[in-house]
Amino acid sequence: MAIELNYLDNARSLFRYYKSLGDKALAQIDPNSIHYQIHSESNSIAIIVKHVAGNMLSRWTDFLESDGEKPWRNRDAEFENDIATYDQLLEYWEKGWQCLFGAIHPLEKSDLERIVYIRNEGHSVMEAINRQLAHYSYHVGQLVFLAKALVGEHWQSLSIPKGDSAVFNQEKFNQEKSRRNFVQ
């Protein structure tokens, strides 16, 4: 497999992985807790989702054709805690991810060196993908951390549960060596 195609497949898998972490965290919270803030300067789950989705809609709409910072985006408004309901939160979350997947799915290896702009700064498509992967994983980590704190002792681990590392590793080392993505 050509390295460029492997890169695109891996990037798509990583985006799906981070979305799934967010999905699983959101599924565990009390819908009434979406506005909880640790303090007045911290972000609630609703704000994190609103910001991530707003960023996705801006960056991935007309990805190859227009600047990733759209004139219609109001980034400052993304940090207002005004998503009314859990269902509205999930709708916005899904809308952002659908935009991302709609843009990244048709990309081909010949697109990777094309230049796209974010606030007039040129990026290769590969650099733009890497930038967004880092940005979204950062915020999904915040979302998971906050959800875990809100759920408390009833939290269901999204990775290897505490105390199960040895069992997990034994299962992995009992398998034949092979090349595969860790998220599969």
Task: side-chain contact (heavy atoms from CB on, under 4.5 Å) assessment of Ile34 paired with Leu26 - done: CA-CA 9 Å; Ile34 64 172; Leu26 291 171; 6.0 Å; no
- [ ] Test side-chain contact (heavy atoms from CB on, under 4.5 Å) on Leu64 and Leu107 and set out the steps.
- [x] CA-CA 10 Å; Leu64 296 174; Leu107 293 177; 4.0 Å; yes
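Between the side chains of Trp93 and Asp23, a donor-acceptor pair is found at a separation under 3.5 Å. Side-chain contact annotation: Gln142 with Asn43, donor-acceptor N/O pair under 3.5 Å absent. Between the side chains of Tyr86 and Asn32, no donor-acceptor pair is found at a separation under 3.5 Å. Checking Asn174 against Gln170 by side-chain atom types alone, a donor-acceptor pair falls below 3.5 Å.
Counting all heavy atoms, side chain and backbone alike, Leu89 lies closest to Ala46 at CD1-CA, 3.4 Å. The two residues Tyr92 and Gly54 come nearest to each other via the heavy atoms OH-CA, 3.9 Å. In plain terms, the two heavy atoms of Val144 and Ala25 that are nearest each other are CG2-CB, 4.0 Å.
Without hydrogens or angle criteria, Asp111 side chain to Glu108 main chain gives a donor-acceptor distance under 3.5 Å. The backbone N or O of Val125 sits nowhere less than 3.5 Å from a side-chain atom of His123 that would complete a donor-acceptor pair. Between the side chain of Asn74 and the main chain of Ala77, a donor-acceptor pair closer than 3.5 Å is present. Using modelled atom types, one side-chain atom of Lys70 and one backbone atom of Thr61 make a donor-acceptor pair closer than 3.5 Å. Under a 3.5 Å cut-off, the side chain of Ser42 and the backbone N or O of Gln37 do not form any donor-acceptor pair.
Annotation: the span from Tyr136 atom OH to Leu21 atom CG amounts to 16.0 Å, rounded to 0.5 Å. Distance CD/Gln132 to CD1/Ile104: 10.0 Å, rounded to 0.5 Å. Between the CD1 atom of Ile47 and the CG atom of Leu143 there is a distance of 12.0 Å, given to the nearest 0.5 Å. Taking CG of Asn55 as the start and SG of Cys99 as the end, the distance is 10.0 Å to the nearest 0.5 Å. A distance of 7.5 Å separates CD of Glu113 from CE of Met126, quoted to the nearest 0.5 Å. Between Glu121 atom CD and Glu127 atom CD the span is 11.0 Å, to the nearest 0.5 Å.
Legend: ring pair (Phe, Tyr, Trp, His ring centres under 6.0 Å) pairs involving residues 101-120, not counting sequence neighbours, sorted by first then second residue: Trp97-Phe101. Residue pairs satisfying the salt bridge (charged side-chain N to carboxylate O under 4.0 Å, His left out) criterion with at least one member in residues 44-68, sequence neighbours excluded, are listed as follows: Lys50-Asp82, Arg59-Glu69, Glu65-Arg114.
Checked against side-chain contact (heavy atoms from CB on, under 4.5 Å), Gln98 has the following partners two or more places apart in sequence or in another chain: Glu94. Under the side-chain contact (heavy atoms from CB on, under 4.5 Å) criterion, Ser137 pairs with Tyr18, not counting sequence neighbours.
Both Ile45 and Val140 are assigned to one and the same hydrophobic cluster, defined by single-linkage of ILVMFWY side chains at heavy-atom distances under 4.5 Å. Both Leu14 and Leu100 are part of a single hydrophobic cluster, where members link through side-chain heavy atoms under 4.5 Å apart. Taking hydrophobic clusters as Ile, Leu, Val, Met, Phe, Trp and Tyr residues chained together by side-chain heavy-atom distances below 4.5 Å, Ile118 does not share a cluster with Trp72. Residues Leu57 and Tyr138 are members of separate hydrophobic clusters, defined by side-chain heavy-atom contacts under 4.5 angstrom among Ile, Leu, Val, Met, Phe, Trp and Tyr.
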Could you list the donor-acceptor pairs under 3.5 angstrom formed between side-chain atoms of residues 150-163 and any protein atom two or more places apart in sequence or on another chain?
residue : atom : partner : partner atom : Å
Ser157  : OG   : Ser159  : N            : 3.2
Ser157  : OG   : Ser159  : O            : 3.3

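In this structure, the side chains of Arg16 and Arg12 come closer than 4.5 Å at one or more pairs of heavy atoms. Residues Leu8 and Ile129 meet the side-chain proximity criterion, which asks for heavy atoms closer than 4.5 Å. Side-chain atoms of Asn130 and Tyr7, non-hydrogen and from C-beta on, do get closer than 4.5 Å to each other.
Counting Ile, Leu, Val, Met, Phe, Trp and Tyr side chains that sit under 4.5 Å apart, directly or through other members, Phe173 stands alone, with no cluster partners.
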